[in-house]
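First up is the structure itself, then whatever we jot down about it.
Below, each value reflects all heavy atoms present in this structure, side chains not excepted, and no hydrogens, waters or symmetry copies. Given the structure is predicted, the values throughout are model-derived calculations rather than measurements.
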Amino acid sequence: MDDRNQHQSTTPPRWLTDHEPGHSEWYVRRFRTLAAQGADLEGEARLLDTILPRHARVLDAGCGPGRVSAALFARGHQVVGVDVDPILIAAAKEDHPGPTWIEADLATMDLVTLGEPEPFDAAILAGNVMTFIAVGTGAQVLQRVANHLKPKSPVAVGFGLDRGYALTAFDQDLAEANLSIEHRFATWDLKPWSPTADFVVTIARTP
C-alpha cells in the first residue's frame, strides 16, 4: 500500500466548506459501523467490475474512506484512491491495505507528478462525489479525471438529484470534458432510468 499527497490550490470543495467540524470523523464511523453490521457496501464496485477487463487499473476519484476501492481491489484490480480529505484518506489507509491512497483535490490533481504516470482503464466517482466538489468545477473535475484515462475508457458517476447539482448541468459538464454518455440508470444495481428518479448513475466514456 502507498499513500501520497497533493495540496489543493483552488476554491475548496463543498465537502470541506459545507460541513461542521467532526463530520469527516462521523463519516468514517458511519461506514465502519455499516461494514461491521454486514451492510452491502459494494454495489458500485460490482457494477464497474462487470465492464472492466481482468486486472484493470482503476481510479477511484473521491474515494472517501475507501470502501469502493477496497471492493475493486478484492476483485483483482489495481486501484488508486484519491480524496481531498486527509481524515478520510487516513481511514482508508488504516482499514483497507492494498490500494494506493493519494490526498489531492480532484479539480487540480495531477497523478503523474505523484508517481502514477500509467493511465487508467476506468474511473469511478461514487458516493455523491460530484455534489461535494466546488460549485462550477464539474467540467474541470471530469476533465482532470478523463486526462488520466486511456482512450475509450469508462467513467462511472452516481449522485443524488436532490443535492443542488442538476442533471442538465452534469450533462453539460460531461460534454465540456469530451465524455460521451453510454448508459444511464436510476441506481447502481441497474434499475432503469426515469426522469422521475431521485438518483442517477451514468456510464460515460473517453474519446
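- Note on E42 versus R75: salt bridge recorded, some NZ/NE/NH1/NH2 to OD/OE distance being below 4.0 Å.
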| field | Trace of the salt bridge (charged side-chain N to carboxylate O under 4.0 Å, His left out) decision for R32 with E94 | value | CA-CA 11 Å; R32 283 174 173 167; E94 180 179 349; 3.5 Å; yes

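- Checked against the 6.0 Å centroid threshold, F159 and F199 do not count as a close aromatic pair.
- Annotation: side chain to side chain contact (heavy atoms under 4.5 Å, CB included) contacts of Q143 (sequence neighbours excluded): A146, N147, A177.
- Considering every non-hydrogen atom in both A104 and M109, the closest pair reads CB-CB, 4.1 Å.
- Shown here for G160 and N128, the closest heavy-atom pair between the two residues is N-OD1, 2.6 Å.
- The shortest non-hydrogen separation linking G64 to D83 is N-OD2, 2.8 Å.
- Applying the side chain to side chain donor-acceptor pair (under 3.5 Å) test to W15 and every residue at least two apart in sequence or in another chain returns D85.
- With respect to D60 and R67, no salt bridge is recorded, no charged nitrogen being found less than 4.0 Å from a carboxylate O.
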Passes salt bridge (charged side-chain N to carboxylate O under 4.0 Å, His left out), D105 versus R144? Steps please. CA-CA 10 Å; D105 187 337; R144 283 282 177 169; over 6 Å; no

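- Hydrophobic clustering, with ILVMFWY side chains joined whenever heavy atoms are under 4.5 angstrom apart, groups V79 together with I51.
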Exercise for review: Test side chain to side chain contact (heavy atoms under 4.5 Å, CB included) on F185 and I203 and set out the steps.
Suggested key: CA-CA 9 Å; F185 308 101; I203 308 298; 4.3 Å; yes

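- Considering every non-hydrogen atom in both E44 and L41, the closest pair reads OE1-O, 4.0 Å.
- A search for ring pair (Phe, Tyr, Trp, His ring centres under 6.0 Å) contacts involving F31 returns Y27, not counting sequence neighbours.
- Expressed to the nearest 0.5 Å, how far CG of L88 lies from CD of E25 amounts to 9.0 Å.
- Atoms CG and CZ, from D189 and R46 in turn, are 8.0 Å apart once rounded to the nearest 0.5 Å.
- Taking 4.5 Å as the limit, some side-chain heavy atom of C63 sits within range of a side-chain heavy atom of W101.
- By the rule that hydrophobic residues join a cluster once side-chain heavy atoms approach within less than 4.5 Å of another member, V200 and V145 end up as members of one cluster.
- Two different hydrophobic clusters hold V112 and L114 under the rule that ILVMFWY side chains link at heavy-atom gaps under 4.5 Å.
- At a threshold of 4.5 Å between non-hydrogen side-chain atoms, the residues V58 and V80 do not count as touching.
- Pairing each heavy atom of P151 with each of T206, the nearest pair is C-OG1, 3.5 Å.
- Listed by chain and number, the residues in a ring pair (Phe, Tyr, Trp, His ring centres under 6.0 Å) with F120 amount to none (sequence neighbours excluded).
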Please step through side chain to side chain contact (heavy atoms under 4.5 Å, CB included) for the pair D173 and Y165, ending with a clear verdict. CA-CA 11 Å; D173 289 340; Y165 185 37; 2.7 Å; yes

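- Under the 3.5 Å distance criterion, with hydrogens and angles disregarded, a donor-acceptor pair is assigned to the side chains of R184 and T202.
- For the atom pair T108 OG1 and Q140 CD, the distance stands at 7.5 Å (nearest 0.5 Å).
- Cluster membership check: L142 shares its hydrophobic cluster with I181, using side-chain heavy-atom separations under 4.5 Å among Ile, Leu, Val, Met, Phe, Trp and Tyr.
- Checking side-chain atoms of R205 against main-chain N and O of S180 turns up no donor-acceptor pair under 3.5 Å.
- Side chain of T50 to backbone of L47: a donor-acceptor contact under 3.5 angstrom is found.
- Checking side-chain atoms of D121 against main-chain N and O of R57 turns up a donor-acceptor pair under 3.5 Å.
- Scanning both residues, E176 and A139, for their nearest heavy atoms gives OE1-CB, 3.5 Å.
- Under the ring pair (Phe, Tyr, Trp, His ring centres under 6.0 Å) criterion, no residue pair touches residues 74-94, with sequence neighbours excluded.
- V157 and L161 fall within the same hydrophobic cluster, where Ile, Leu, Val, Met, Phe, Trp and Tyr residues are linked whenever their side-chain heavy atoms come under 4.5 Å apart, directly or through other members.
- Within the model, atoms CZ of R14 and CE of M130 stand 9.0 Å from one another, a figure rounded to the nearest 0.5 Å.
- Salt bridge absent: R163 and D198 never bring a charged side-chain N and a carboxylate O closer than 4.0 Å.
- If you take CZ on F132 and CG on L106, they are separated by 12.5 Å, rounding to the nearest 0.5 Å.
- Exactly one residue among I89, L59, V82 makes a side-chain contact (heavy atoms from CB on, under 4.5 Å) with I102. That residue is V82.
- Side chains of V84 and L16 form a contact here, defined as non-hydrogen atoms less than 4.5 Å apart.
- Side-chain contact between L34 and R30 is present, with at least one heavy-atom pair separated by less than 4.5 Å.
- A ring pair (Phe, Tyr, Trp, His ring centres under 6.0 Å) check over residues 33-55, counting only residues at least two apart or in different chains, returns nothing.
- Distance CD1/I133 to OG1/T11: 11.5 Å, rounded to 0.5 Å.
- Under a 3.5 Å cut-off, the side chain of S153 and the backbone N or O of L149 do not form any donor-acceptor pair.
- Side-chain atoms of T187 come within 3.5 Å of backbone atoms of K191 as a donor-acceptor pair (strictly under, hydrogens ignored).
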